[in-house]
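In what follows, a single structure is set out as structure tokens and then discussed.
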Amino acid sequence: METIRRQLAPRVVGRTITAADAHPSPKFAAATDAISHRIEAVARRGKYLIARLDRDRELVVHLGMTGSLRIADPHAPADPYVRGAWTLDDGSVLELRDVRRFGRIAVVPAGVYDSMPTLHALGPEPLSDDFDPAAFHHALRSSRRPVKTLLMSQRPVAGVGNIYADEALWRAGVHPASRRTSRRQSDRIHAELRTVLSDAIERGGTTLRDYRTFEGDTGRNQEYLECYGRAGRPCLRCGAVLRRSVIDQRGTTWCPQCQRRR
DNA sequence: ACTGTAACCTGCAGGC
DNA sequence: TGCCTGCAGGTTACAG
């Protein structure tokens, strides 16, 4: 989402939304609430894109699993998967395409996120100074749930999904199902998350299937994944066969040798 | 206030 | 070829 934000911002900041269309589902219907507003800035919190609008409103977009943002091609045939479209005052049309409809569009008073509980309780940005090792350790200690579940909850830290959770835990040598995290372990996860996420952003994101940058390109980070999706293949650190299990209904890959449970 | 589970959607790959 | 199963970058509602 950070890659998308960087490319999107210069294309839409300063533009006024003159018209909009939305899929009838309540997850997308709010797109039309942005009509007549001017886009002042494009920010991001975790996986949520937040366009600041005039008159103290925000347009919030989440891409779910299969969402992408793009400028519509006026010559392309109709696309049945467009869930929201905003016409800008330069004539261009910004589209949210989302095959599975797990994404979401909201227009809210600035900073009022009570309709989106995960955004409302979102943890600190992983690449900011607010991501504090002591507070992170405390957050991981505050629950008995598996450490991967906690990371995916977006509360100890923002923006960590299935790929980057597996990558960071593998690099940190922490078992994803571990229910107690030492300070040493949380410090390692903290550091590896920063590395994994900043590298992925530098490489334009991770394209497994649907992900595209705002310019329509695939990312390049999938070429550098060391753990995610490699179950059954040898660990790049120790050679043991990586294993696959399910945590919170999410496929999870880990190394039985490097990520010992304790 | 916690935790675990099901639900929301569609497409695709692989097995038979 | 066609049908069926399982799987997929996530969040939210609901039951206990």
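Proteins get letters first, then strands, A, B, ... in listed order; numbering begins at 1 in each. FYI, side chains are in, hydrogens and waters are out, and symmetry mates aren't considered; it's all heavy atoms of this structure. Note that the structure is predicted; figures quoted are calculated from it, not measured.
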Base, sugar-phosphate or nothing for A:Thr206? Non-hydrogen atoms, less than 4.0 Å.
base
For a quick check of understanding: with a heavy-atom distance under 4.0 Å over all strands, which category does A:Arg155 fall into, base, sugar-phosphate or nothing?
nothing
Considering every strand and a 4.0 Å limit on heavy-atom distances, what is the contact class for A:Arg244: base, sugar-phosphate, or nothing?
sugar-phosphate
A:Arg209 vs C:dC7: side-chain N/O to OP1/OP2 distance below 4.0 Å:
no
Could you walk me through whether A:Val82 and A:Arg70 pass the side-chain contact (heavy atoms from CB on, under 4.5 Å) test, one step at a time?
CA-CA 10 Å; A:Val82 171; A:Arg70 66 187 185 190; 3.8 Å; yes
CG of A:Asn162 versus P of C:dC7: gap in Å, rounded?
13 Å
Which one is paired to C:dG2, where only Watson-Crick or G-U wobble pairs with both distances under 3.5 angstrom count?
B:dC16
When all nucleic acid strands are considered with a 4.0 Å heavy-atom cut-off, which category describes A:Asp210: base, sugar-phosphate, or nothing?
base
Short side-chain N/O contact from A:His62 to OP1 or OP2 of C:dG10, under 4.0 Å
no
Which part of the nucleic acid, if any, lies within contact of A:Ser143, taking any heavy atom under 4.0 Å across all strands shown: a base, the sugar-phosphate backbone alone, or nothing?
sugar-phosphate
Please state how far atom NZ in A:Lys47 lies from atom C1' in C:dG9, giving the value in whole angstrom units.
7 Å
From CG of A:Leu63 across to P of B:dC8 the rounded distance in Å is 22 Å
Looking only at the side chain of A:Tyr228 (C-beta and beyond, no hydrogens), which of the listed nucleotides C:dT12, C:dA8, B:dG4 gets closest?
C:dA8
Need one value for A:Arg104: base, sugar-phosphate or nothing, where a base atom within 4.0 Å counts as base even if backbone is also close, heavy atoms only.
sugar-phosphate
Would you classify C:dG9 as syn or anti? Syn applies when the glycosidic angle is within 90° of 0.
syn
Check for me: is A:Phe102 stacked on B:dC8 by the 5.5 Å centroid and 30° plane-angle rule?
yes
How would you label the contact of A:Gln154 with the nucleic acid (heavy atoms, under 4.0 Å): base, sugar-phosphate, or nothing?
sugar-phosphate
Which part of the nucleic acid, if any, lies within reach of A:Arg250 when heavy atoms closer than 4.0 Å are counted: base, sugar-phosphate only, or nothing?
base
Would you verify whether the NZ or CZ of A:Arg261 falls within 45 degrees of the ring axis of A:Trp254 while also being under 6.0 Å from that six-membered ring's centre?
no
Out of C:dC7, B:dC9, C:dT11, which nucleotide sits closest to the side chain of A:Arg101?
B:dC9
P spacing across the pair C:dG6 / B:dA6, given as an integer number of angstrom:
14 Å
Can you tell me how far C1' of B:dA7 sits from CD of A:Gln249, to the nearest Å?
10 Å
Ignoring backbone atoms, establish whether A:Thr118 has a side-chain N or O less than 4.0 Å from OP1 or OP2 of C:dT12.
yes
With the side chain of A:Arg145 defined as its heavy atoms from C-beta on, choose the nearest nucleotide among C:dT11, C:dA8, B:dT5.
B:dT5
May I ask you to decide if A:Val99's main-chain N or O and A:Arg83's side chain share a donor-acceptor pair within less than 3.5 Å?
yes
Please work out if A:Leu208 contacts a base, only the sugar-phosphate, or nothing of the nucleic acid, heavy-atom cut-off 4.0 Å.
base
